[in-house]
Visitor: 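This structure is in structure tokens; I'll ask about it shortly.
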Number of protein chains: 2
Amino acid sequence: MRVTQQDIARLANVSQATVSRVLSGDARVETDIKDRVLAVISETNYQIDVRARSLRSKRTGLIGLVVKRPPGGLNDDPFFANLISHIMDFLAGRPYHLCVEMVSSASSQEAVYDELLRTRRVDGLILVESEARDERILRLQAEGFPFVLIGNPVEERESTIWSVDNDNVLAAKTATEHLREAGYQRVGLLAGPKGITVSDDRIEGYRQGMSGSDCDDLVWHCDFGFIAARDTASDILRSPSRPDALLVLDDFMAMGVVLAARGQGLFIPEDLGVASFNDSSLCDLFERGLTSVSLNIPQIVRTACGRLLKIIEEKPIYGPRRMIIPTELCVRGSTTRRDL
Amino acid sequence: MRVTQQDIARLANVSQATVSRVLSGDARVETDIKDRVLAVISETNYQIDVRARSLRSKRTGLIGLVVKRPPGGLNDDPFFANLISHIMDFLAGRPYHLCVEMVSSASSQEAVYDELLRTRRVDGLILVESEARDERILRLQAEGFPFVLIGNPVEERESTIWSVDNDNVLAAKTATEHLREAGYQRVGLLAGPKGITVSDDRIEGYRQGMSGSDCDDLVWHCDFGFIAARDTASDILRSPSRPDALLVLDDFMAMGVVLAARGQGLFIPEDLGVASFNDSSLCDLFERGLTSVSLNIPQIVRTACGRLLKIIEEKPIYGPRRMIIPTELCVRGSTTRRDL
DNA sequence: CAACCGCGTGAATACGTATTCACATAATAA
DNA sequence: TTATTATGTGAATACGTATTCACGCGGTTG
């Protein structure tokens with residue numbers, strides 16, 4: 001039936017323990033014995049039983065990715081698909097696989113974390129953009145569960161939680177300054193729901209970019225997703241005191257803004273400048289290109305996953321708990337006015 | 001430390017075997033004993049050890065989704081993200097979790113299938129849109145590995161493979177006829193790479209929709225992805241004998257066509273009609289809406305996953321091996337001419 | 001020369017569960 | 001009453017691996 005270490009041992013005239021040692025690269029086994037065992041292994045094309053190893057070693061070889069589903073919507077934002085793609089690239093060739101966990105409601109989120117924590121189905125977790133003061137993170141931490149946060153752990157936890165993030169404050173500041181330098185007078189911000197750290201950080205950066213000028217009435221909040229952004233932007237643009245440029249929380253929402261502008265006969269970039277975050281493939285879908293801040297997702301993923309594996313394998317990690325991946329403003333047509 | 005069935009047994013004054021029986025819903029245990037055990041279980045908040053159960057029962061509780069990465073590109077097509085979303089919806093609350101497997105090159109694909117087959121890391125697989133005569137599928141089948149194909153298994157395997165698909169021939173025929181009835185004279189087709197079943201099926205449907213008129217010179221092939229489609233469409237539209245309508249393999253590619261048209265000053269739908277497949281959220285990104293064939297992904301996923309679980313659990317399945325999910329043409333602005 | 005140590009290996013064990021087997025007890029049939 | 005069968009439960013075992021423990025052997029040290 002199935003080839004086991006016992007079979008290998010019999011064929012190679014050694015004990016099962018020795019076979020196990022050879023497989024785990026134990027240095028103490030003699031070279032000729034190791035060779036003999038390896039020969040048998042390759043000619044029987046033996047494959048280790050992941051279940052048995054899991055039971056014995058308490059490792060599953062699975063990495064969990066927890067993504068949050070926007071209420072009422074689907075995860076059709078290219079950001080998630082990209083994230084998954086890059087994680088799989090990183091994991092390819094390593095002895096780990098990706099298990100995707102989706103949480104929708106807050107209660108289901110509680111249950112999912114609880115289940116993950118109790119069953120230890122996965123060896124570690126990548127958490128994405130959690131909310132500012134997430135209690136669940138504290139539980140993971142208290143139980144010593146390996147995880148890396150992609151996002152901002154909020155100040156008081158910076159030194160105790162492994163996290164990878166962009167400097168969203170700086171990125172938003174830079175983008176805001178870019179809009180102002182491009183000649184826009186009333187630069188507004190379309191942020192996400194309140195209480196989401198990534199959104200709050202970018203609001204802060206926007207304020208800095210506005211360098212003290214009173215701008216609170218130019219900040220709007222809106223649910224994630226394309227439709228919500230389109231509808232909100234429609235209202236914003238209809239107002240007599242409408243902004244002449246909008247920094248938007250992500251590309252997907254920015255496409256909603258673009259549509260709302262078109263619907264009202266506003267030209268981009270002349271009547272309305274638009275810039276956003278993520279630099280996803282959506283940016284090319286706007287004819288002259290959408291100015292967007294690249295988060296450098298490949299590097300974020302490399303860093304986060306690399307660290308997670310080290311935590312799991314209890315190897316030393318150098319560098320600060322909180323890693324900041326540099327962003328890059330990609331200027332395209334949506335902020336390049338030709339009328340000035 | 002960790003609560004085991006042994007502990008439960010001790011506390012409830014029964015044997016570990018009885019605890020196991022209670023947990024698996026064995027009908028033979030006496031009601032009062034069952035209650036006593038359940039009481040102890042709930043007050044200790046015991047959680048079964050998935051590793052041990054896996055070793056013993058040969059089940060992992062994991063469903064694998066194999067997606068193919070387009071060469072050189074990323075999986076930023078909303079189609080995949082949608083698929084994952086819906087699969088997770090289906091799995092939520094059931095004792096299964098989703099493991100994503102990505103294959104890029106053909107050789108890695110071989111290796112991934114091989115590893116999955118040998119280690120049985122997952123209880124079953126959902127395969128998406130495989131190529132027409134995929135050898136790997138035969139191996140899975142030969143080894144009795146549970147899987148369901150989302151796509152077309154090609155004719156000679158229809159009766160032996162569980163598959164869920166749309167009637168792509170009919171869908172393409174209907175879309176083609178819609179374009180012709182909308183008043184377009186030279187309806188073309190932008191298909192995917194050769195040898196992909198979904199593409200071949202839609203070519204066939206397109207031909208039927210053109211009802212015999214010679215249309216081979218109106219069919220173009222192109223790699224997946226937005227960029228490739230944009231560049232190919234640019235060439236097509238520059239030709240003097242350009243089509244005045246294009247049926248495109250998917251929304252993502254269609255957005256590329258839209259851009260190419262805009263780049264040449266062509267108006268949609270007046271100068272060029274555009275229709276495509278998937279009915280993803282991208283369709284709303286085109287200002288007047290992109291006409292698209294809805295594949296009914298939620299139902300595809302429900303059917304495919306439901307069947308996969310039945311195969312895994314060896315329950316009876318009613319209905320044909322090949323299930324056809326109806327499509328629906330969603331007519332929007334990109335084919336609604338106002339000049340006729 | 002004796003006591004000791006390092007090294008490589010096999011035997012034994014544990015991981016936590018599901019299931020088979022055996023064994024009481026109670027119910028039924030002769 | 002006795003023989004026979006259901007029935008519910010515990011004891012025992014197997015799943016395949018990783019690791020500890022014990023042991024033998026050659027070499028070093030006092």
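Atoms considered below: every heavy atom in the structure, side chains included; atoms not considered: hydrogens, waters and symmetry mates.
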Visitor: Considering only heavy atoms from C-beta outward, does the side chain of B:Leu62 approach that of A:Leu62 to under 4.5 Å?
Guide: yes
Visitor: May I ask you to test the B:Tyr46-B:Gln5 pair for a side-chain heavy-atom distance under 4.5 Å?
Guide: yes
Visitor: So how far is it from A:Leu308 CG to A:Glu313 CD, rounded to the nearest 0.5 Å?
Guide: 9.5 Å
Visitor: Tell me, for nucleotides 7-18 of chain C in 5' to 3' order, what letter each nucleotide earns: B for a base near a protein heavy atom under 4.0 Å, S for only sugar-phosphate near one, - for neither?
Guide: -SBBB--BBBBB
Visitor: For A:Glu30, enumerate each residue passing the salt bridge (Lys or Arg N to Asp or Glu O under 4.0 Å) test, keeping only those at least two apart in sequence or located in another chain.
Guide: none
Visitor: For residues 52-64 of chain A, which residue pairs pass the side-chain hydrogen bond (donor to acceptor under 3.5 Å, both in side chains) check, not counting sequence neighbours?
Guide: A:Thr60-A:Asp123
